[in-house]
Amino acid sequence: MQSRKEELLERIRTKIRVTCDMPDLLIDSITFPDRVAQFKVMLQAVGGEAIELVQGENMQELICSRFPESKIIASNLPEISFATINPDQVDDPHELAYIDLAIIRGEIGVAENACIWIPQMMKERVVCFIAEYLVVLLERSALVNNMHEAYEQISFHDKEFGVFISGPSKTADIEQALVIGAHGAKGVLVILT
Amino acid sequence: MSTKHTKAADRFIANKAQEVWHNQTLRFVRDKRDNMAMQLPEWETLRETAHQIKMHTITHLDHYLNEFSMHAEANGVLVHWAKDADEHNQIVYSILQSHGVKKLVKSKSMLTEECHLNPFLIEKGIDVVESDLGERILQLMHKAPSHIVMPAIHLKRQDVGRLFETKLNTEKDNSDPTYLTQAARVHLRQEFLTAGAAMTGANFGVASTGDVVVCTNEGNADMGTALSPLHIISMGMEKVIPDLKSLAVFIRLLARSATGQPVTAYTSHYRKPREGSEMHLVIVDNGRSNMLGNEDHLQTLKCIRCGACMNTCPVYRRSGGYSYTYFIPGPIGINLGMSRSPEKYSDNLSACSLCYSCNNVCPVKIDLADQIYKWRQKLDSFGKADPAKKNLSVGMAFLFKRPVLFQTGLKMAPVINRMPRFFVYNGLNDWGKGREMPHFAIHSFAALWKKGKISGANQKKKNAES
């Protein structure tokens with residue numbers, strides 16, 4: 001017996017009248033003389049903030065000074081020793097339900113829209129979404145101009161999930177009034193290293 | 001000459017303040033979109049490329065769907081195929097049932113609206129929780145979305161405040177959007193934490209990798225899917241695109257066109273099931289393959305559901321989403337409804353002034369207004385032509401074929417100017433409703449021309465000669 005899949009694909013074949021060619025995807029796209037500056041401006045525009053770590057500055061002290069209220073801090077990054085919970089070492093994602101701050105690493109930053117590519121590099125990815133505040137560490141050299149360049153470079157690692165995050169969670173569903181902090185992070189701080 | 005749309009629009013504009021607010025707010029979103037578009041020199045190239053990618057993909061849909069499903073299956077995703085809404089709903093229910101799911105959290109999906117999934121599951125005893133703020137507000141009100149991207153755009157903050165007072169125990173008379181959003185966050189956080197399954201739609205399906213891509217601003221799709229042991233994706237078959245290079249084009253266009261943002265806060269790529277969880281993908285036809293066979297209306301299948309055509313539409317902005325009889329309003333909704341059932345949804349065809357603004361903002365260049373025009377030409381063929389307009393056309397044809405009668409009529413016409421208002425503005429004259437009729441000139445242009453009294457024309461002639 002023909003499967004439902006085969007039936008539907010066959011149906012499509014009988015319906016198609018014309019065929020169109022795939023276009024050339026070499027689009028001459030926007031670039032920026034100063035990607036760091038552009039990224040900062042865009043991140044601010046979408047409700048986040050990017051700061052550059054200056055040489056000799058202590059990353060942990062910087063984060064602590066920015067989030068003095070945070071008690072439950074989640075991270076699996078080796079350089080973050082003050083984390084109180086490790087998303088790799090929980091049996092169930094629900095154990096991460098009440099975290100104040102998550103510190104994660106991003107792989108690519110996009111200057112045109114402040115997106116950061118975050119492939120899942122922890123056991124429970126909910127940490128990227130459920131934390132009240134999110135800190136993303138990103139190398140300055142990992143900034144690209146636009147999404148075309150970003151998609152050329154993204155990799156997925158073994159968990160095979162990835163997300164572009166651009167600023168904090170937001171909504172304007174009540175009278176188009178912008179409110180930061182819908183379901184995900186209420187604030188995103190990107191530290192450019 | 002009233003359609004269901006015009007009657008419903010009458011009710012919407014009865015509240016003048018609301019009409020003005022709705023119009024201006026959506027116009028502002030259109031302006032934000034323009035602002036985004038103008039910042040990219042390659043904007044028009046992106047639109048043209050997106051159009052061509054979609055035309056290529058939907059005309060090779062069998063190939064790309066096969067490739068997409070093979071990759072998804074290789075990634076460990078369980079793929080289901082549904083020929084219609086009933087089959088889709090049954091598949092979703094059987095997956096939920098086999099996992100003993102009592103509570104399902106959903107992120108926004110127009111396809112599940114199309115299939116009427118929620119009432120179906122609720123009847124079966126499943127607690128269905130919409131998690132997009134706008135969708136949740138409407139669910140608590142037992143209402144449908146009035147816009148595909150801004151579902152609660154027709155509501156005022158006081159409406160939401162009153163609703164939350166009774167449903168979420170918020171403070172009396174507090175309708176501050178930040179306060180209300182915070183209350184919804186706390187309420188929905190509990191729902192995310194206690195759900196047995198999460199459901200999402202799909203903005204794009206990437207054939208070369210099997211990725212399902214979902215774009216949200218709130219982060220609700222990820223909250224649901226990162227916590228629960230079961231992820232079900234409902235995807236219309238036209239959502240497939242060839243590869244990640246193509247995806248870049250659409251991601252650059254989608255949020256800029258939809259809300260005037262450079263990108264949505266979250267662009268999530270679901271490739272493999274999360275460790276210890278299952279991922280099911282339901283690919284749905286429900287009339288889409290039929291649309292492939294209709295060359296005049298094929299392009300509706302390119303739609304990426306950004307809503308830009310609604311925000312720019314002068315009729316939508318002033319009549320609201322509920323004035324349309326199809327669940328998707330605006331220019332794209334008119335066409336999608338007609339493709340589904342011309343007999344059932346032809347009332348919406350009147351909701352267009354053929355200004356073509358929608359064609360000019362659509363990020364994938366759907367010929368929205370052209371299609372509406374074509375549908376109007378076919379109205380008579382399925383018995384939906386307006387009888388008054390039909391009679392008028394017959395009368396006009398009679399008159400235009402008889403020059404003497406036409407000239408006499410023209411000479412007599414100014415008499416109407418001096419008639420009491422009642423004779424001109426009454427129930428029989430639809431053109432006199434809501435607007436002033438133009439006055440007939442005492443002497444027609446043809447008469448003046450014959451007498452050489454067209455002074456402007458003579459003046460121009462003289463100027464040209466000198």
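Only this structure's heavy atoms are used, side chains among them; waters, hydrogens and symmetry mates stay out. Just so we're on the same page: letters track the sequence lines, and every chain starts at 1.
Both the backbone and the side chain of A:E112 come within contact range of chain B, with heavy atoms under 4.5 Å apart. Looking at B:E48, there are no atoms closer than 4.5 Å to chain A (heavy atoms on both sides), in backbone or side chain. Using a 4.5 Å cut-off between heavy atoms, A:P168 contacts chain B through its backbone alone, with no side-chain atom that close. Using a 4.5 Å cut-off between heavy atoms, B:R252 touches chain A through its side chain atoms alone. No part of B:A255 comes within reach of chain A, as not one of its non-hydrogen atoms sits under 4.5 angstrom from that chain. There is no contact between A:I118 and chain B, counting heavy-atom distances below 4.5 Å. Using a 4.5 Å cut-off between heavy atoms, A:V163 contacts chain B through both its backbone and its side chain. Of the atoms belonging to B:I58, it is backbone heavy atoms, and not side-chain ones, that fall under 4.5 Å from chain A. Contacts between B:N75 and chain A at a heavy-atom distance below 4.5 Å are absent for every atom of the residue. For a residue to count as touching a neighbouring chain, one of its non-hydrogen atoms must lie under 4.5 Å from one of that chain's; by this rule B:R189 touches chain A with the side chain only. Contact of B:V249 with chain A is made through backbone and side chain together, with heavy-atom distances under 4.5 Å. Of the atoms belonging to B:P242, it is side-chain heavy atoms, and not backbone ones, that fall under 4.5 Å from chain A. With a 4.5 angstrom heavy-atom cutoff, B:P177 touches chain A via backbone and side-chain atoms both. Residue contact with chain A, scored on non-hydrogen atoms closer than 4.5 Å, is absent for B:S175. For A:V18, the parts lying under 4.5 angstrom from a heavy atom of chain B are both the backbone and the side chain. Interface remark: B:M237 contributes side-chain atoms only to the contact with chain A (heavy atom separation under 4.5 Å). Of the atoms belonging to A:I30, heavy atoms from both backbone and side chain fall under 4.5 Å from chain B. If you measure heavy-atom distances from A:E10 to chain B, you find no contacts under 4.5 Å at all. Contacts between A:I165 and chain B at a heavy-atom distance below 4.5 Å involve backbone atoms as well as side-chain atoms. Contacts of B:T178 with chain A are made by both backbone and side-chain atoms, with heavy-atom separations under 4.5 Å.
Closest approach of B:T267 and B:C215 over heavy atoms only: CG2-SG, 4.2 Å. The two residues B:R185 and A:A182 make their nearest non-hydrogen contact at CG-O, 3.1 Å.
The aromatic ring centroids of B:F164 and B:Y179 lie 6.0 Å or more from each other. Aromatic rings of B:Y270 and A:F161 (six-membered ring for Trp) have centroids within the 6.0 Å cut-off, being under it.
Judged by distance alone, the side chain of B:Q18 and the main-chain N or O of B:H154 form a donor-acceptor pair under 3.5 Å. With B:T59 contributing its side chain and A:C20 its backbone, the two residues share a donor-acceptor pair below 3.5 Å. At least one donor-acceptor pair under 3.5 Å links the side chain of A:D173 to the backbone N or O of B:G134. When atom types are taken as modelled, the side chain of A:R35 and the backbone of A:S141 share no donor-acceptor pair closer than 3.5 angstrom. Judged by distance alone, the side chain of B:D132 and the main-chain N or O of B:S107 form no donor-acceptor pair under 3.5 Å. With B:T264 contributing its side chain and B:Y266 its backbone, the two residues share a donor-acceptor pair below 3.5 Å. Counting only distance, with no hydrogens or angles, the side chain of A:W117 and the backbone of A:S155 share a donor-acceptor pair below 3.5 Å. Side-chain atoms of B:E191 do not come within 3.5 Å of backbone N or O of B:T194 as any donor-acceptor pair.
Each of B:E295, B:M55, B:R274, B:R288 has some count of heavy-atom pairs under 4.5 Å with chain A, and the biggest count is that of B:R274. When the candidates B:I53, B:L61, B:V214 are compared by the number of heavy-atom contacts under 4.5 Å with chain A, B:I53 comes out ahead. When each of B:P273, B:G293, B:G219 is checked for heavy-atom pairs under 4.5 Å with chain A, B:G293 comes out on top. No other option in A:I12, A:T14, A:I154, A:L178 has as many heavy-atom pairs under 4.5 Å with chain B as A:I12. Per-residue counts of heavy-atom pairs under 4.5 Å with chain B were compared for A:V46, A:V179, A:D28, A:I180; the largest is that of A:V179. Contact count versus chain A (heavy atoms, under 4.5 Å) is highest, among B:R256, B:E135, B:H63, B:H80, for B:R256. Ranking A:R125, A:M147, A:M42, A:E149 against chain B, the residue ahead of the rest is A:R125, based on heavy-atom pairs under 4.5 Å. Looking only at heavy-atom pairs under 4.5 Å with chain A, the residue among B:L155, B:L180, B:N66 that has the most is B:N66. Between chain A and the options B:N294, B:T45, B:L133, B:L227, the largest number of non-hydrogen pairs under 4.5 Å is found for B:L227. Of all the listed residues (A:R13, A:E7, A:K159), the one sharing the greatest number of non-hydrogen pairs under 4.5 Å with chain B is A:R13.
The stretch residues 173-193 of chain A participates, sequence neighbours left out, in these ring-ring contact (aromatic ring centres under 6.0 Å, His included) pairs: A:H183-B:F192. Pairs passing the ring-ring contact (aromatic ring centres under 6.0 Å, His included) check and including a residue from residues 208-228 of chain B, sequence neighbours excluded, do not occur.
Atom CE of B:M70 sits in a sparse spot, with 12 or fewer heavy atoms from other residues, nucleotides or ligands closer than 6.0 Å. Around the NZ atom of B:K156, the shell of radius 6.0 Å holds more than 12 heavy atoms that belong to other residues, nucleotides or ligands.
At a threshold of 4.0 Å, the pair B:E130-B:K108 does not count as salt-bridged, since none of the basic side-chain nitrogens sits closer than that to a carboxylate oxygen. Contact check on A:E52 versus A:K40 returns a salt bridge, with a Lys/Arg side-chain nitrogen under 4.0 Å from an Asp/Glu carboxylate oxygen.
Side-chain contact check for A:E107 and A:H157: at least one donor-acceptor pair (N or O, by modelled atom type) lies under 3.5 Å.
Aromatic ring pairs are classed by plane angle as parallel below 30°, tilted from 30° to 60° and perpendicular above 60°; the pair B:H56 and B:H60 is tilted.
Interface with chain B: from residues 60-94 of chain A, residues A:P93, A:H94 qualify, criterion being any non-hydrogen pair under 4.5 Å.
Scanning for side-chain contact (heavy atoms from CB on, under 4.5 Å) contacts around B:V29 gives A:Q176, B:M150, B:N311, with sequence neighbours left out.
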